Amino acid sequence: MSRTVLPKEPLVEALTAVWSAVETLATATTDEQWRRASILPGWSVGDVVAHVMATERMLLGDPVPEVAADVDAFDHVCNSIGAMNERWLEYYRMQDRATVLADYRDVIARRTAALAAMTQEDFDADSFTPAGPDTYGRFMRIRVFDCWMHQLDLCDTLGVELVVDPIPIVAAMYEIFASMPYVVGKKAGAPDGSRVRFVIEGPVPRTLNIAVDGRAGIVRELDRDPDLTLTFNYTEFARLAGGRATGSQGAVVISGDRELGEKVLADLAFVM
């Protein structure tokens with residue numbers, strides 16, 4: 001099984017940038033906005049902020065709090081990871097906004113110090129990740145993607161402009177790219193021999209080429225014109241991959257095999 005070896009410093013910079021962006025958004029909210037239902041089922045704006053912090057608390061070794069609520073019975077909780085996340089949120093729902101923000105700043109300071117103390121060898125070491133066994137560096141790229149997606153969730157909920165910072169955007173896009181062969185080959189069932197291209201537009205434009213030869217894989221260049229080209233704005237691509245959008249109303253341009261394109265779009269969401 002291949003291992004994803006990634007340089008430490010751009011990932012740490014990306015994480016600290018997105019954590020700071022989330023804090024800025026959270027600090028600027030009013031009490032009414034803090035309680036507002038987010039675009040994520042069952043979660044308020046404050047819940048989204050607490051969730052970003054809670055995962056980092058677990059990585060620091062802080063114990064998951066005991067709560068009175070039966071979180072497994074919540075309609076929006078679908079699995080054991082969701083239940084664990086919800087226990088943290090129930091705990092923070094009992095705290096006022098100032099306490100949550102103070103905890104957020106403390107946790108992010110501790111995580112930033114912990115990451116600064118790690119070496120490149122630590123980032124290259126084998127690790128658990130939500131995508132299966134890989135390196136700690138891959139885990140941190142997944143964290144960039146997750147935190148950046150929640151920054152986008154907050155912006156979409158609050159109706160504010162997303163701050164364009166290329167460093168976390170690039171890490172998030174490459175984390176999404178890593179799952180696209182599975183989406184194209186396995187979920188959408190692209191036939192053997194297919195050639196698919198994703199064109200991502202925005203502040204850091206990228207092109208992703210996928211060839212299906214027995215199994216789907218990322219290639220630097222296609223050996224012929226693609227059967228399907230999908231063109232997205234970077235935020236819409238992220239929303240679709242994160243299960244936050246449908247790709248309707250002209251948000252995605254399909255060129256070539258429209259039937260395959262519709263299948264890929266229908267199966268683009270890969271997050272838990």
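Fair warning: this is a prediction, and the values are worked out from it, not measured in the lab. By convention here, the first residue in the shown sequence is residue 1.
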Closest approach of Tyr136 and Ser127, non-hydrogen atoms and distance?
N-CB, 3.5 Å

Neighbour count >12 (heavy atoms, 6.0 Å) for atom CD, Glu32:
yes

Leu89 and Trp43: CA distance, side-chain angles, deciding distance, side chain to side chain contact (heavy atoms under 4.5 Å, CB included) verdict
CA-CA 9 Å; Leu89 299 191; Trp43 286 11; 3.2 Å; yes

With a 3.5 Å distance limit and no angle check, can you tell me whether Thr157 reaches the backbone of Ile39 through a side-chain donor-acceptor pair?
yes

Proximity of Phe177 and Tyr182 rings by center, below 6.0 Å
no

Residue pair Arg224 / Gly193: nearest heavy atoms and the distance that separates them
NH2-O, 2.7 Å

Assess the residue pair Val196 and Asp227 against the criterion (side chain to side chain contact (heavy atoms under 4.5 Å, CB included)); give the C-alpha distance rounded to whole Å, side-chain angles, the decisive distance to 0.1 Å, and a yes or no.
CA-CA 6 Å; Val196 176; Asp227 303 291; 5.8 Å; no

State, with a plain yes or no, whether a side-chain heavy atom of Leu40 is found less than 4.5 Å away from one of His150.
yes

Residue pair Arg206 / Tyr174, side-chain donor-acceptor N/O under 3.5 Å
yes

Any Lys/Arg nitrogen of Arg197 or Asp225 sitting under 4.0 Å from an Asp/Glu carboxylate oxygen of the other?
no

Between Glu56 and Arg143 (salt bridge meaning N to carboxylate O under 4.0 Å), is one present in this structure?
yes

For Asp75, I'd like to know if atom CG has over 12 heavy atoms of other residues, nucleotides or ligands within 6.0 Å.
no

Decide whether Val164 and Leu152 are clustered together by the hydrophobic rule: side chain heavy atoms of Ile, Leu, Val, Met, Phe, Trp, Tyr closer than 4.5 Å, transitively.
yes

Please assess Arg239 against Asp156 for the test salt bridge (Lys or Arg N to Asp or Glu O under 4.0 Å), listing each intermediate value before the final yes or no.
CA-CA 10 Å; Arg239 292 184 186 104; Asp156 286 347; 2.8 Å; yes

Is the shortest side-chain heavy-atom distance between Leu268 and Phe237 below 4.5 Å?
yes

Set out, in order, the CA-CA distance, both residues' side-chain angles and the distance that settles side chain to side chain contact (heavy atoms under 4.5 Å, CB included) for Arg97 and Leu101, then state yes or no.
CA-CA 6 Å; Arg97 178 166 164 263; Leu101 288 174; 4.1 Å; yes

Does a side-chain heavy-atom distance below 4.5 Å link Trp148 with Ile169?
yes

Count the heavy atoms of every other residue, nucleotide or ligand shown that sit under 6.0 Å from CZ of Arg215, and state whether that count exceeds 12.
no

Closest heavy-atom contact between Ala190 and Val212?
O-CG1, 3.9 Å

Heavy-atom distance under 4.5 Å between the side chains of Asp153 and Ser38, does that happen here?
no

Treating Asp122 as the side-chain partner and Thr119 as the backbone partner, does any N or O pair qualify as donor plus acceptor under 3.5 Å?
yes

I need the Thr207 OG1 to Glu221 CD distance, nearest 0.5 Å.
9.0 Å

Do you know which two heavy atoms are closest between Ala17 and Asp165, and how far apart they sit?
CB-OD2, 3.5 Å

Do Asp134 and Phe128 touch side chain to side chain, with heavy atoms closer than 4.5 Å?
no

Can Leu222 be reached from Ile200 by stepping across I, L, V, M, F, W or Y side chains whose heavy atoms are under 4.5 Å apart?
no

Can you tell me if Ser20 uses its side chain to pair, donor with acceptor, with the backbone of Thr16 under 3.5 Å?
no

According to a hydrophobic-cluster definition based on side-chain heavy atoms being under 4.5 Å apart (Ile, Leu, Val, Met, Phe, Trp, Tyr only), do Val199 and Met173 belong together?
no

Between Asp62 and Arg110 (salt bridge meaning N to carboxylate O under 4.0 Å), is one present in this structure?
yes

Under-4.0 Å salt bridge between Arg93 and Glu86:
yes

Do Trp19 and Val52 touch side chain to side chain, with heavy atoms closer than 4.5 Å?
yes

Can you confirm whether or not the ring centre of Trp88 sits under 6.0 Å from the ring centre of His51?
no

Report yes or no: do Val18 and Ile167 belong to one cluster of Ile/Leu/Val/Met/Phe/Trp/Tyr joined by side chain heavy-atom distances under 4.5 Å?
no

Taking C-beta and beyond as the side chain, do Ile218 and Pro181 meet within less than 4.5 Å on heavy atoms?
yes

Can you find a pair of side-chain heavy atoms, one from Phe123 and one from Leu6, that are under 4.5 Å apart?
no

Kindly compute the distance separating CE (Met149) from OG1 (Thr235), expressed to the nearest 0.5 Å.
9.5 Å

Give a yes or no on whether Leu60 and Val100 share a hydrophobic cluster (residues Ile, Leu, Val, Met, Phe, Trp, Tyr; joining criterion: side-chain heavy atoms under 4.5 Å apart).
yes

Check the pair Asp223, Arg195 against salt bridge (Lys or Arg N to Asp or Glu O under 4.0 Å), reporting the backbone distance first and the verdict last.
CA-CA 9 Å; Asp223 53 5; Arg195 300 293 184 264; 2.9 Å; yes

Between SG on residue Cys155 and CG on residue Leu25, distance to nearest 0.5 Å:
4.5 Å

May I ask you to say whether Arg35 pairs ionically with Asp31, meaning some side-chain N is under 4.0 Å from a carboxylate O?
no

Any ion pair linking Arg3 and Asp126 (charged N to carboxylate O, less than 4.0 Å)?
yes

Using atom types as modelled and distance alone, determine if a side-chain donor or acceptor of Lys8 lies under 3.5 Å from a backbone N or O of Met118.
yes

Taking all atoms of both residues into account, what is the closest heavy-atom pair of Asp47 and Gly42, and its distance?
OD2-O, 3.8 Å

Does a salt bridge link Glu175 with Arg138, judged by any charged N lying under 4.0 Å from a carboxylate O?
yes

How far apart are the closest heavy atoms of Leu11 and Ala171, and which atoms are they?
CD2-CB, 4.4 Å

Given Leu230 and Val264, is the side chain to side chain contact (heavy atoms under 4.5 Å, CB included) satisfied, shown in steps?
CA-CA 9 Å; Leu230 294 170; Val264 171; 3.7 Å; yes

Give, for atom CG of Asn79 and atom CE of Met84, the distance between the pair rounded to the nearest 0.5 Å.
9.0 Å

Taking Thr30's backbone N and O only, do any of them form a donor-acceptor pair with Gln33's side chain (distance below 3.5 Å, no angle check)?
yes

Does a side-chain N-to-carboxylate-O contact under 4.0 Å join Arg57 and Asp106?
no

